[in-house]
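See below for the structure under consideration.
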Amino acid sequence: MSMIAAFYSGKSILITGATGFMGKVLMEKLFRTSPDLKVIYILVRPKAGQTTQQRVFQILNSKLFEKVKEICPNVHEKIRAIYADLNQNDFAISKEDMQELLSCTNIVFHCAATVRFDDHLRHAVQLNVTATQQLLIMASQMPKLEAFIHISTAFSNCNLTHIDEVIYPCPVEPKKIIDSMEWLDDAIIDEITPKLIGDRPNTYTYTKALGEMVVQQESRNLNIAIIRPSIVGATWQEPFPGWVDNLNGPSGLIIAAGKGFLRSIRGAPMAVADLIPVDTVVNLTLAVGWYTAVHRPKSTLIYHCTSGNLNPCNWGKMGFQVLATFEKVPLERAFRRPNADFTANTITSQYWNAVSHRAPAIIYDFYLRLTGRKPRMTKIMNRLLKTVSMIEYFVNRSWEWSTYNTEMLMSELSPEDQRVFNFDVRQLNWLEYIENYVLGIKKYLLKEDMAGIPEAKQHLKRLRNIHYLFNTALFLIAWRLLIARSQMARNVWFFIVSFCYKFLSYFRASSTLKV
Ligand SMILES: CCCCCCCCCCCCCCCCCC(=O)SCCNC(=O)CCNC(=O)[C@H](O)C(C)(C)COP(=O)(O)OP(=O)(O)OC[C@H]1O[C@@H](n2cnc3c(N)ncnc32)[C@H](O)[C@@H]1OP(=O)(O)O
Ligand SMILES: NC(=O)C1=CN([C@@H]2O[C@H](COP(=O)(O)OP(=O)(O)OC[C@H]3O[C@@H](n4cnc5c(N)ncnc54)[C@H](OP(=O)(O)O)[C@@H]3O)[C@@H](O)[C@H]2O)C=CC1
């Protein structure tokens with residue numbers, strides 16, 4: 001019997017960010033392994049025309065929850081969606097709901113965040129810092145609370161190269177930042193943002209670091225732990241391989257490569273691609289929840305959920321496997337044949353940006369205009385290049401994260417728990433994982449039918465022929481222009497033509513003789 005699964009039975013669990021990528025997998029695993037849990041409270045806001053209830057309904061009816069519905073048929077009765085907006089005071093939670101949350105919650109998993117790299121500092125602070133502070137204040141009023149688990153990121157201290165499982169202070173106190181966001185206007189915030197974030201690449205990593213400081217400062221007598229995952233990718237094993245449902249991290253760029261938009265990224269092929277499957281993060285999170293509640297460590301423990309030091313994979317290998325998979329299972333309606341790579345050289349990268357990204361977009365838009373359609377490729381390309389510029393920081397460096405606490409926790413688990421809540425990335429086969437990731441993107445994110453693969457392959461063949469035709473035409477035009485202008489080119493041309501003619505005459509004469 002799994003001790004961790006047994007621990008969550010009968011518990012009331014509060015999850016923030018349950019509608020997000022990680023939150024959904026966390027809920028799914030909880031229901032699948034501890035169907036006897038009492039209730040999961042989730043803080044949800046209405047979004048994209050859907051009420052909170054409709055959002056929950058959609059999640060429960062998704063492919064991800066198919067196994068859960070077999071194991072726990074009354075799952076919908078065990079989810080309590082509470083209307084909440086983390087941008088508002090007291091999260092805009094009603095009095096009755098707040099009362100219930102405060103009096104019943106046993107465990108809190110705080111996953112909600114803005115993960116946008118370029119979010120305005122005011123918004124990023126509100127969600128990643130102030131909301132964390134408010135949630136901790138709420139938690140301190142929960143008499144039955146056994147553990148509070150905060151999800152941070154391994155990149156909160158990406159300005160360092162070696163990162164230990166400790167909280168590193170930021171120069172300006174989070175409380176001062178929170179206060180200043182209340183009265184500074186946007187223009188001033190924009191001006192001071194680069195100074196505040198310092199040598200971090202974006203407001204996301206900076207506010208996640210501030211969030212950790214807040215957790216430390218507001219911990220009071222709570223049992224708290226912080227989890228720092230690196231780049232979270234599709235599921236490795238559970239509930240099935242390759243599940244992914246958003247464009248964050250590598251997923252969006254893998255699609256861009258598969259569709260043939262993305263041809264080159266300025267990145268170091270040998271730098272470590274510190275990906276971590278989302279189910280691995282969730283298993284560690286649940287194990288940490290159990291350990292923190294049962295063993296009550298004296299201080300706030302931080303757990304790195306990374307792969308680089310135990311089972312490294314680099315960007316070059318990842319890119320190679322992504323392309324190899326697209327060779328076998330191409331995406332539908334590709335713009336060009338998938339052919340992307342990492343180039344460490346800035347000048348080469350700028351060259352490829354001009355030749356392989358911008359030029360084809362301009363040519364295609366010209367073609368759309370000619371055929372009376374609305375041009376759109378340049379816009380798509382600009383967005384893609386913006387995304388690429390934002391992730392360049394992460395694909396040009398390698399980090400070293402120590403994992404003492406994570407390894408200690410692994411050794412504390414029973415063999416059964418090590419199996420059911422496996423977070424040992426040493427067992428991960430990267431080539432297999434990346435192949436499943438790419439397949440998962442095709443099936444679950446793009447919702448493409450596998451029956452369409454022969455047609456997709458046919459389409460790629462057509463694109464290859466167009467590519468050859470285009471290149472030949474381009475070569476001939478360039479050559480024609482050169483001949484018209486240069487005597488030397490003309491001489492070379494006559495030499496080649498007469499050589500070919502002589503060769504053909506000789507070949508014809510010798511074959512006639514043989515007959
Ligand atoms: C062989 C090659 C293989 C290639 C693989 C290479 C992989 C390298 C990947 C390295 C990743 C490194 C990440 C490291 C992160 C640290 C980990 C974390 O803690 S943090 C967790 C990680 N956090 C993140 O990953 C957040 C990254 N995202 C952002 O920060 C922002 O979305 C943005 C700045 C990229 C664009 O802002 P903005 O211009 O305001 O645009 P909007 O947001 O309004 O969306 C506009 C349109 O773009 C769409 N779209 C959106 N995202 C992506 C995407 N990633 N991609 C593509 N497309 C994307 C979106 O659907 C929409 O389409 P439509 O509906 O209009 O049709
Ligand atoms: N994905 C990754 O690569 C990594 C993620 N992390 C961390 O993991 C955690 C989860 O990330 P992930 O699941 O990928 O992120 P998602 O963007 O998929 O999910 C974010 C969640 O936060 C919720 N949220 C955002 N704003 C509000 C708000 N104002 N009120 C209520 N809820 C809100 C979202 O709700 P809604 O659906 O309504 O928008 C969503 O449920 C985050 O803390 C992130 O920093 C760490 C390392 C890597």
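Every number for a ligand or one of its atoms is a count from 1 in the order of the listing.
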- Item | Sub-4.0 Å atoms of ligand 2 with respect to non-hydrogen atoms of V115 | 15 (O), 17 (O), 44 (C), 45 (O)
- Query: Sub-3.5 Å donor-acceptor pair from the side chain of N309 to the main-chain atoms of W401, do we have one?
  - Reply: yes
- Message: Looking only at protein heavy atoms, which one is nearest to atom 4 (C) of ligand 2, and what is the separation?
- Response: V232 CG2, 3.5 Å
- Enumerated ligand 2 atoms positioned under 4.0 Å from heavy atoms of F21: 13 (O), 14 (O), 18 (O)
- Message: Would R397 and Y393 count as a cation-pi pair here, with the cationic atom under 6.0 angstrom from the ring centre and within 45° of the axis?
- Response: yes
- Task: Please check if any side-chain donor atom of T292 sits under 3.5 Å from a side-chain acceptor atom of N223, or the reverse.
- Result: no
- State whether the side chain of S62 and the backbone N or O of I59 hold a donor-acceptor pair below 3.5 Å, judged by distance alone. yes
- Decide, yes or no, whether a salt bridge links E28 with R32 under the criterion of side-chain N to carboxylate O below 4.0 Å. yes
- Message: Tell me the contacting part of N246 for ligand 2: side chain, backbone, both, or neither, using a 4.0 Å heavy-atom threshold, strictly below.
- Response: side chain
- Task: Consider every N or O of F394 and every N or O of ligand 1, then say whether any pair is closer than 3.5 Å.
- Result: no
- For ligand 2, the portion of L43 having any non-hydrogen atom under 4.0 Å away: neither
- Message: Any nitrogen or oxygen of G252 lying under 3.5 Å from a nitrogen or oxygen in ligand 1? Just yes or no.
- Response: no
- Task: Measure up the W399 and F155 rings against each other and bin them: parallel (under 30°), tilted (30 to 60°), perpendicular (over 60°).
- Result: perpendicular
- Between R228 and ligand 2, find which residue part has any heavy-atom pair under 4.0 Å and reply side chain, backbone, both or neither. neither
- Once the angle between the rings of Y433 and W430 is folded into 0 to 90°, is it parallel (under 30°), tilted (30 to 60°) or perpendicular (over 60°)? perpendicular
- Which residue and non-hydrogen atom of the protein lie closest to atom 19 (O) of ligand 2, and at what distance in Å? G20 CA, 3.3 Å
- Item | Ring centres under 6.0 angstrom apart (W243, F21) | yes
- Task: Would you tell me whether S94 and D97 have side-chain atoms, one donor and one acceptor, within less than 3.5 Å of each other?
- Result: yes
- Message: Please tell me whether F394 and F117 form a close aromatic pair, meaning their ring centres lie under 6.0 Å apart.
- Response: yes
- Message: Heavy-atom pairs closer than 4.0 Å: do any link ligand 2 to the side chain of M22, the backbone, both, or neither?
- Response: both
- Could you pull out, from D274, N339, L253, the option with a heavy atom nearest to atom 4 (C) of ligand 1? L253
- Taking all atoms of both residues into account, what is the closest heavy-atom pair of W236 and T280, and its distance? CE3-OG1, 3.4 Å
- Min over C111, A113, S152 of heavy-atom distance to atom 7 (C) of ligand 2 lands on S152
- Query: Any idea which atoms of ligand 2 are less than 4.0 Å away from a heavy-atom of A112?
  - Reply: 22 (O), 23 (C)
- Message: Return the closest protein heavy atom for atom 44 (C) of ligand 2 as residue, atom name and distance.
- Response: Y204 OH, 3.4 Å
- Looking at the rings of Y404 and Y303, which for Trp means the six-membered one, are their centres under 6.0 Å apart? no
- Examine D341 against ligand 1 and note whether any of their N/O atoms are separated by less than 3.5 Å. no
- Item | Under 3.5 Å: N/O of W315 near N/O of ligand 1 | no
- Message: So does T306 get a backbone contact from the side chain of D274, meaning a donor-acceptor N/O pair under 3.5 Å?
- Response: no
- Message: Can you classify the ring geometry of Y8 versus F109 as parallel (below 30°), tilted (30 to 60°) or perpendicular (above 60°)?
- Response: tilted
- If we ignore angles and hydrogens, is there a donor and acceptor under 3.5 Å between the side chains of T16 and H110? yes
- Which one of G233, A131, S230, P46 has a non-hydrogen atom at the shortest distance from atom 47 (C) of ligand 2? S230
- Message: Give the atom numbers and elements of ligand 2 that come within less than 4.0 Å of a heavy atom of I151.
- Response: 7 (C), 8 (O), 9 (C), 43 (O)
- Item | Nearest candidate to atom 39 (O) of ligand 1, where distance is taken over non-hydrogen atoms, out of M22, R228, K386, K208 | K386
- Query: Among all protein non-hydrogen atoms, which one is nearest to atom 21 (C) of ligand 2, and what is the separation to 0.1 Å?
  - Reply: G17 CA, 3.6 Å
- Considering the heavy atoms of T153, write down every atom of ligand 2 situated less than 4.0 Å from one of them. 46 (C), 47 (C)
- If you compare F320, F155, F117 by their heavy atoms, the one closest to atom 13 (C) of ligand 1 turns out to be F117
- Check each atom of ligand 2 against the heavy atoms of R55 and keep those under 4.0 Å away; list them by number with element. 36 (P), 37 (O), 38 (O)
- Item | F91 contact mode with ligand 2 (heavy-atom cut-off under 4.0 Å) | neither
- Query: What protein heavy atom sits nearest atom 27 (C) of ligand 2, and how far off is it?
  - Reply: R45 CZ, 3.4 Å
- Query: Any donor and acceptor pair, going by atom type alone, linking the side chain of R122 with main-chain N or O of L184 inside 3.5 Å?
  - Reply: yes
- Query: Which one holds for L86 and ligand 2: side chain close, backbone close, both close, or neither close, with close meaning a heavy atom under 4.0 Å?
  - Reply: both
- Query: What is the nearest protein non-hydrogen atom to atom 34 (C) of ligand 2, stated with its residue, atom name and distance?
  - Reply: T19 OG1, 4.0 Å
- Looking only at heavy atoms, the pair that brings K29 and T33 closest together is O-OG1, 2.6 Å
- Relative to ligand 1, is N248 under 4.0 angstrom through side chain, backbone, both or neither, heavy atoms considered? both
- Message: On a heavy-atom basis, I'd like to know which of S230, A154, C158, P250 is closest to atom 9 (C) of ligand 1.
- Response: P250
- Query: Going by the order shown, which atoms of ligand 2 are within less than 4.0 Å of some heavy atom of D85?
  - Reply: 28 (C), 29 (N), 30 (N)
- Query: Which option out of E392, R383, R116, R263 puts a heavy atom nearest to atom 32 (O) of ligand 1?
  - Reply: R116
- For F342 and ligand 1, does the shortest N/O to N/O distance drop below 3.5 Å? no
- Task: Under 4.0 Å from a heavy atom of K208: give me the atoms of ligand 2 that qualify, with their elements.
- Result: 42 (C), 43 (O), 44 (C), 45 (O)
